[in-house]
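Step one of this worksheet: look at the structure below.
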Amino acid sequence: MNPAAATSITPELLAKALSLGRAAARDGRPASYIPELACADPAAVGIATCDANGEVLTAGDAHVSFTLQSVSKVFALACVLRSHDAELWQHVSMEPSGDAFHSIVRLEEEHGRPRNPLINAGAIVVSDRLHGEDPQGRIAGFRQFLCAASGQACTEERFALNERVYRSECRTGFRNRALANYMRHFAVVSDPETAIDTYFRQCSLEVTAAELARVGLLFAAGGTDPATGRRLLACSASRKVVALMATCGLYDEVGRFAVEVGLPAKSGVSGAILAIVPGRYSIACYGPALGERGNSLAGMAMLKALSGDLGLSVFGE
């Protein structure tokens, strides 16, 4: 760590990161392949952090709602690992793909078994294994898990389904349906229709950066909620999720992110990035203006700034 670096996240450091994020956002634009996401304000930028005591600091548009999109994958994986699904790793591997998040190329080469649970194909496998008889039941259980991780009681408004985004995903998700049906051919997915509808629903749940930072603290604290002392996930399961975030969380930009930021993280095309500083912080960024590889330009810039200022990289000084 730079001897002059700060030792903790402060409002001043968040304000500096926010300024850099807003500048970076000018070079991107919201996702358009899910039409409803294109309606997001490209200038919106927010950041929130949550420390080991559950204290949340925010800057910018940290209370603006957005949908989880692919950030939901780490929480769905946690739900399946929580149920001690012994067969999960027979159906999905743990290796980086090096391809775009929705690529079908590796799936064709590797007999329907996705490289990892954080690309779309792997996440659909996970959605297929969530508990519940139908998509609505599975999402009800998933929301209960998110509420427990947030330390709050579940209400209709908390982690609510954004119907417009969900319908938009249903109308345009042809590639994801192709992935699900291709995997069904190899018996990797048991029920493509239920799996894909569950996946669309989990991606369409609403959250703010402030809420996401609080829920993400689960992974920074090794599977517990330090504010309550309640264990929600086995330590070994939490370690698997965080390790996969570090190796697979930003798809074909994960190497650059590891070098420049050095934190386990998961991105989503709504403009969200959730980053984990093990034992210390969770950091949630929002900025719907994306770069060429589908990651938030503002989020990348803000995390790079905080990591540099605080020496947060898990790979050393």
Side-chain angles (χ1 to χ4, degrees), residues 1-18 21 46-60 62-63 68 71-72 74-75 77-79 81-82 144-153 158-159 207-246 249 257-258 261-267 272-286 299 302-317:
M1 182 188 298
N2 184 331
T7 57
S8 62
I9 296 175
T10 64
E12 292 75 20
L13 286 177
L14 286 189
K16 174 188 172 183
L18 180 69
I47 185 168
T49 67
C50 189
D51 67 16
N53 296 316
E55 181 179 352
V56 177
L57 290 179
T58 66
H63 297 284
L68 280 170
V71 177
S72 70
V74 294
F75 297 105
L77 176 60
C79 280
L81 293 177
R82 194 179 184 210
Q144 287 287 343
F145 176 69
L146 292 175
C147 290
S150 75
Q152 302 289 325
R158 188 162 285 123
F159 309 112
V207 70
T208 67
E211 291 169 335
L212 182 57
R214 179 64 179 84
V215 177
L217 187 62
L218 165 75
F219 301 122
T224 64
D225 179 355
T228 64
R230 182 183 179 190
R231 176 161 291 283
L232 298 171
L233 187 65
C235 185
S236 59
S238 179
R239 178 175 55 81
K240 287 184 178 73
V241 175
V242 174
L244 286 163
M245 291 171 75
F257 189 82
V261 179
L263 295 176
K266 184 71 199 78
S267 62
I273 303 180
L274 172 66
I276 302 300
V277 186
R280 297 186 65 188
Y281 300 108
S282 57
I283 307 171
C285 301
Y286 172 60
M302 290 189 290
L303 288 167
K304 182 178 179 180
L306 279 183
S307 182
D309 286 339
L310 291 161
L312 296 179
S313 174
V314 298
F315 302 109
E317 299 176 11

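The structure presented is a predicted model; accordingly, all values stated were derived computationally and were not measured. Nothing fancy with the numbering, it's 1 onward along the sequence.
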Under 3.5 Å, side chain of D51 to main-chain N/O of N53, donor-acceptor pair present?
-> yes
For Y281 and A220, which heavy atoms make the closest approach, and how far apart are they?
-> O-CB, 3.4 Å
For I9 and L310, the nearest pair of non-hydrogen atoms, with its separation, is CG1-CD1, 3.3 Å
Say you draw a straight line from CG of L14 to CG of D309; how long is it, rounded to the nearest 0.5 Å?
-> 10.5 Å
R231 side-chain N/O to G222 backbone N/O, donor-acceptor pair under 3.5 Å | yes
Got F159 and L68 here, is their nearest side-chain heavy-atom distance under 4.5 Å?
-> no
Looking at CZ of R280 and CG of L263, how far apart are the two atoms once the value is rounded to the nearest 0.5 Å?
-> 10.0 Å
Which atom names give the shortest non-hydrogen contact between L274 and S282, and what distance separates them?
-> CD1-CB, 4.4 Å
The residue among L312, I283, V277 that forms side chain to side chain contact (heavy atoms under 4.5 Å, CB included) with S307 is L312
Is the closest side-chain heavy-atom distance between T208 and Y286 below 4.5 Å?
-> no
Give a yes or no on whether the backbone of G249 and the side-chain of K266 come within a donor-acceptor separation of less than 3.5 Å.
-> yes
Closest heavy-atom pair, C50 versus R214, reported as atoms and distance to 0.1 Å, is SG-CD, 3.8 Å
Atom of G223, atom of S238 and distance for their closest heavy-atom approach | N-OG, 3.5 Å
Are the side chains of L212 and F75 in touch, meaning some heavy atoms are under 4.5 Å apart?
-> yes
How long is the gap from SG on C285 to CG on L306, to the nearest 0.5 Å?
-> 7.5 Å
Could you give the distance from CG (L218) to CZ (R230), rounded to the nearest 0.5 Å?
-> 10.5 Å
Look up atom CG in L146 and atom CZ in R158, then write down how far apart they are to the nearest 0.5 Å.
-> 11.0 Å
Identify the heavy atoms of P226 and A221 that sit nearest to each other, and give their distance.
-> CD-CB, 3.7 Å
To the nearest 0.5 Å, tell me how far K240 NZ sits from C235 SG.
-> 10.0 Å
Paired with M302, the side chain to side chain contact (heavy atoms under 4.5 Å, CB included) test is passed by just one of I273, V261, I47, namely I47
